[in-house]
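What follows is a single structure, written as structure tokens, with notes after it.
Just so you know, these numbers use all the heavy atoms, side chains as well, and skip hydrogens, waters and symmetry mates.
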Amino acid sequence: IAFVNWGSLYYDGKGVEQNYSNAKHCYEEAAKLNLPQAFYMLGNLYRDGKGVEPDFTKARKYYKKAAEYNEPNAFYGLGFLYHNGKGVVKDYNKARDYFLKAADLKLPAAFTKLGSIYYFGEGVGQDYKKAFAYYEKAAEFKEPNALYSLGIMYHYGNGVRQNESKAQDYYKEAFRNNFRPTNNEF
């Protein structure tokens, strides 16, 4: 476990200079001990090209190895690859299955992603009620993207009665929980 912790310090640059090569080395040592978090973090390095050339095939390999140990973030990582067609053929059904496995293991971001899948109708019929239910589940964990998404639903009245006051409350709560807007977060 120490190797995973050291790797995370280098990965995040907390207390040491950020160094993805050193992080990779630590995660590789931890992977020799079959630590699922190490496999997951190696998958992230290869997915994002941090300290290595981006390689979605290697990312998928490491995520699959971590998923063998029921690492929820690994299921999410696999869902991400299939959802975005990174190193695999885009497949919303496989992505949804992986996100469901992560949600079964109580990963808040997975509930948010499932909400987005139903909100936008990606591989499923658009269903605002299911989207709302998944966003609400993620919001129980104070997941910022879910909180923001609930704000959007109330703002526009998508699947719920339009309520600007509730929308503003959810927006504020999202930002209190470190919501950071991106182009393709949800």
Test side chain to side chain contact (heavy atoms under 4.5 Å, CB included) on N145 and F179 and set out the steps. CA-CA 6 Å; N145 291 318; F179 173 73; 3.0 Å; yes
Taking ring pair (Phe, Tyr, Trp, His ring centres under 6.0 Å) as the cut-off, I'd like each qualifying pair that reaches into residues 41-63, sequence neighbours left out, listed once.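 Of all non-adjacent pairs touching residues 41-63, those that pass ring pair (Phe, Tyr, Trp, His ring centres under 6.0 Å) are Y40-Y63, Y46-Y62.
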May I have all residue pairs that pass ring pair (Phe, Tyr, Trp, His ring centres under 6.0 Å) and include part of residues 12-33, sequence neighbours excluded?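 Found Y11-Y20.
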Could you check whether K64 pairs with E68 (Lys NZ or Arg NE/NH1/NH2 to Asp/Glu carboxylate O, under 4.0 Å)?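 Between E68 and K64 there is no salt bridge, as every charged N stays at least 4.0 Å from the carboxylate O atoms.
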For P144 versus N178, what's the shortest heavy-atom pair and its separation?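 Distance-wise, the nearest heavy atoms are CB-C, 4.2 Å.
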Would you call the rings of Y171 and Y148 parallel, tilted or perpendicular, taking 30° and 60° as the class edges?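 Tilted.
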So does Y69 have more than 12 non-hydrogen atoms from other groups sitting under 6.0 Å from OH?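 Enclosed.
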With heavy-atom distances below 4.5 Å as the criterion, would you say the side chains of [X] and [Y] are in contact?
X: F75; Y: N70; value: yes
X: Y156; Y: Q162; value: no
X: Y98; Y: H83; value: no

Name all pairs fulfilling the salt bridge (Lys or Arg N to Asp or Glu O under 4.0 Å) condition that reach into residues 140-155, sequence neighbours left out, sorted by first residue then second.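 Sorted result for residues 140-155: K137-E140, K142-E173.
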Is the distance from the ring center of Y76 to that of F99 below 6.0 Å?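 They qualify: ring centres under 6.0 Å apart.
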